Amino acid sequence: MTITAGAPPTHSTPAALARGFLTGGVAGTSLAALVVGGIIEKVPLFVAGLVVPTVYGLLLFLAGAPRRRREAAVVPRTALATIESLKAIGGESSDVPVRFDLTVAPDDEPAYRVEITQDINLVDLPDYRPRGILVVQYPPDRPWRVRIVKRPTPEWEERAAGARLDSVPGPATVSEPPEGCAFGFVGLLGLLLGAAVVIGLFRADLFDGDATARQPSSSKPSVSSSSSSTSSSSSTSSTTVVSSASGTVALGPDQSMLDKDELRRAVDSLTEGEGKGKGEGGGKRSALTVVVQERLLSVVFSPTGAQAPQFDPRSLPYERFPALVEEARTTLGIRSPQTWQITAERLTGSLTIRVGVTGAEGTASLEADGQGKVVRRTPVG
């Protein structure tokens with residue numbers, strides 16, 4: 001059978017642009033709230049910086065429910081496909097994520113190439129070989145969302161057994177249409193506006209705090225029950241803010257909390273030396289919550305004598321964080337990840353590390369234990 005390649009579909013993205021602007025706005029608002037809340041020591045503002053993106057992700061998920069129901073109601077199209085190549089990309093359970101490069105050959109349309117990732121049981125993995133014939137299904141309006149049918153009907157199983165398909169050239173690969181430069185621009189615009197709104201609302205507290213810090217020590221009031229310190233380094237372009245209730249480390253451009261040893265250094269800068277001479281245990285402060293984003297680390301410290309579940313922030317398996325983020329970005333159905341966040345807490349008694357990823361498809365997450373071993377996955381949709 002001779003196969004010709006079809007052109008990838010295209011679509012307009014006004015809804016995606018609006019979603020990108022809102023996502024950027026939420027990111028800018030939450031980051032600014034965390035930093036400003038830490039500097040001026042406003043715990044409600046700092047907590048709002050943690051809550052806002054969580055609420056936004058939930059609203060985004062609920063808003064997409066009608067669309068997902070409409071998509072689920074569409075009868076999928078069934079076709080034959082041949083495996084061009086496949087590669088297992090990890091996994092610690094009986095189901096292994098496998099990346100397939102397929103040539104899909106619909107009965108009444110041109111064939112096309114597509115790359116997908118699907119979980120395959122270890123027992124069934126030897127059945128999938130290059131040039132093998134599969135039965136697949138996909139929505140007619142989204143041909144890039146191909147899923148392998150593991151138990152096809154007898155009719156399709158018989159067709160697959162006797163079919164021979166030619167390969168389609170790689171340039172004919174079909175994928176979800178990219179959002180384009182406009183998406184990135186509106187996302188950046190939303191981020192800047194969100195940050196500007198928070199800074200504008202609390203500019204008086206920020207500037208008053210700077211003016212008070214420059215006054216002679218004899219003119220400073222001595223009724224404050226918490227201490228704070230701010231330090232910045234031009235060589236690393238990072239800012240560290242530590243108070244009795246919380247601590248934050250913000251990195252500059254071209255830096256990431258996932259860089260080697262960056263998280264360890266950031267945590268040490270928040271915990272070492274705090275409380276020396278004041279009976280607070282020096283660098284042994286416990287935490288209620290640790291939140292990690294691309295260029296921001298936030299720690300909510302446990303108040304003295306608190307009975308709430310707490311943990312040593314230095315005990316987290318930071319060396320596992322890059323791998324956990326990569327697994328969440330590539331195996332949970334988010335094709336174009338936009339933001340990620342790691343949250344460590346002990347609300348349920350045992351230490352839980354949750355990695356959330358947000359993209360055009362919605363929000364997905366995975367959970368790991370105190371050693372960084374994945375125990376639960378919640379894919380998108």
Side-chain angles (χ1 to χ4, degrees), residues 1-11 64-91 93-177 330-336 360-362 364 377-381:
M1 176 169 55
T2 302
I3 296 174
T4 57
T10 59
H11 63 81
R67 173 182 57 83
R68 290 192 295 273
R69 284 197 295 268
R70 291 195 301 271
E71 292 176 353
V74 176
V75 178
R77 182 169 295 169
T78 305
L80 295 179
T82 183
I83 302 175
E84 302 293 347
S85 64
L86 70 162
K87 178 182 178 182
I89 57 176
S93 63
S94 59
D95 290 335
V96 179
V98 179
R99 182 172 296 151
F100 290 91
D101 182 6
L102 303 176
T103 289
V104 181
D107 289 340
D108 53 354
E109 292 183 358
Y112 61 91
R113 286 277 284 272
V114 67
E115 292 185 356
I116 67 169
T117 299
Q118 186 165 333
D119 289 347
I120 302 297
N121 193 280
L122 282 172
V123 177
D124 300 328
L125 195 56
D127 296 335
Y128 297 89
R129 302 179 302 276
R131 304 308 307 163
I133 304 299
L134 304 172
V135 179
V136 299
Q137 289 185 335
Y138 60 90
D141 57 338
R142 298 183 305 281
W144 55 86
R145 292 198 174 180
V146 174
R147 306 303 294 171
I148 297 172
V149 180
K150 298 180 180 179
R151 293 180 177 81
T153 62
E155 177 187 355
W156 279 101
E157 191 171 6
E158 182 179 353
R159 288 186 58 181
R164 295 178 58 86
L165 304 179
D166 297 332
S167 297
V168 170
T173 298
V174 171
S175 60
E176 186 171 7
T330 58
T331 66
L332 299 179
I334 303 293
R335 297 179 179 274
S336 300
E361 296 85 355
R377 295 178 177 83
T378 307
V380 66

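Any value given below was found using the heavy atoms of this structure, including those in side chains, with hydrogens, waters and symmetry copies removed. Keep in mind it's a predicted model, so treat the numbers as computed, not measured.
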For the residue pair [X] and [Y], establish whether any side-chain heavy-atom pair is separated by less than 4.5 Å.
X      : Y      : value
Ile83  : Leu134 : yes
Gln118 : Val136 : no
Ile120 : Tyr128 : yes
Tyr138 : Arg77  : yes
Ile133 : Arg159 : no
Val135 : Leu80  : yes

request  = Using only heavy-atom distances, determine whether the side chains of Ser167 and Arg131 contain a donor-acceptor pair under 3.5 Å.
outcome  = yes
Over all atoms of both residues, closest heavy-atom pair of [X] and [Y]:
X      : Y      : result
Pro140 : Pro76  : CD-CA, 4.5 Å
Pro97  : Asp95  : CD-O, 3.8 Å
Ile334 : Gly362 : CD1-O, 3.6 Å
Val123 : Pro126 : O-CD, 3.4 Å
Ala111 : Pro106 : CA-CD, 4.1 Å

**Asked** Any Lys/Arg nitrogen of Arg377 or Asp119 sitting under 4.0 Å from an Asp/Glu carboxylate oxygen of the other?
**Response** no
Find the distance between [atom1] ([X]) and [atom2] ([Y]) and round it off to the nearest 0.5 Å.
X      : Y      : atom1 : atom2 : answer
Thr117 : Ile89  : OG1   : CD1   : 4.5 Å
Arg145 : Arg335 : CZ    : CZ    : 6.5 Å
Arg99  : Thr331 : CZ    : OG1   : 10.0 Å

From the list Asp101, Leu102, Val168, Val114, side chain to side chain contact (heavy atoms under 4.5 Å, CB included) partner of Glu84 resolves to Asp101
Taken in chain and number order and not counting sequence neighbours, the residues that satisfy side chain to side chain donor-acceptor pair (under 3.5 Å) with Gln137 are Thr78
Criterion side chain to side chain contact (heavy atoms under 4.5 Å, CB included) on Phe100 and Ile148, from CA distance to verdict
CA-CA 10 Å; Phe100 290 91; Ile148 297 172; 3.7 Å; yes
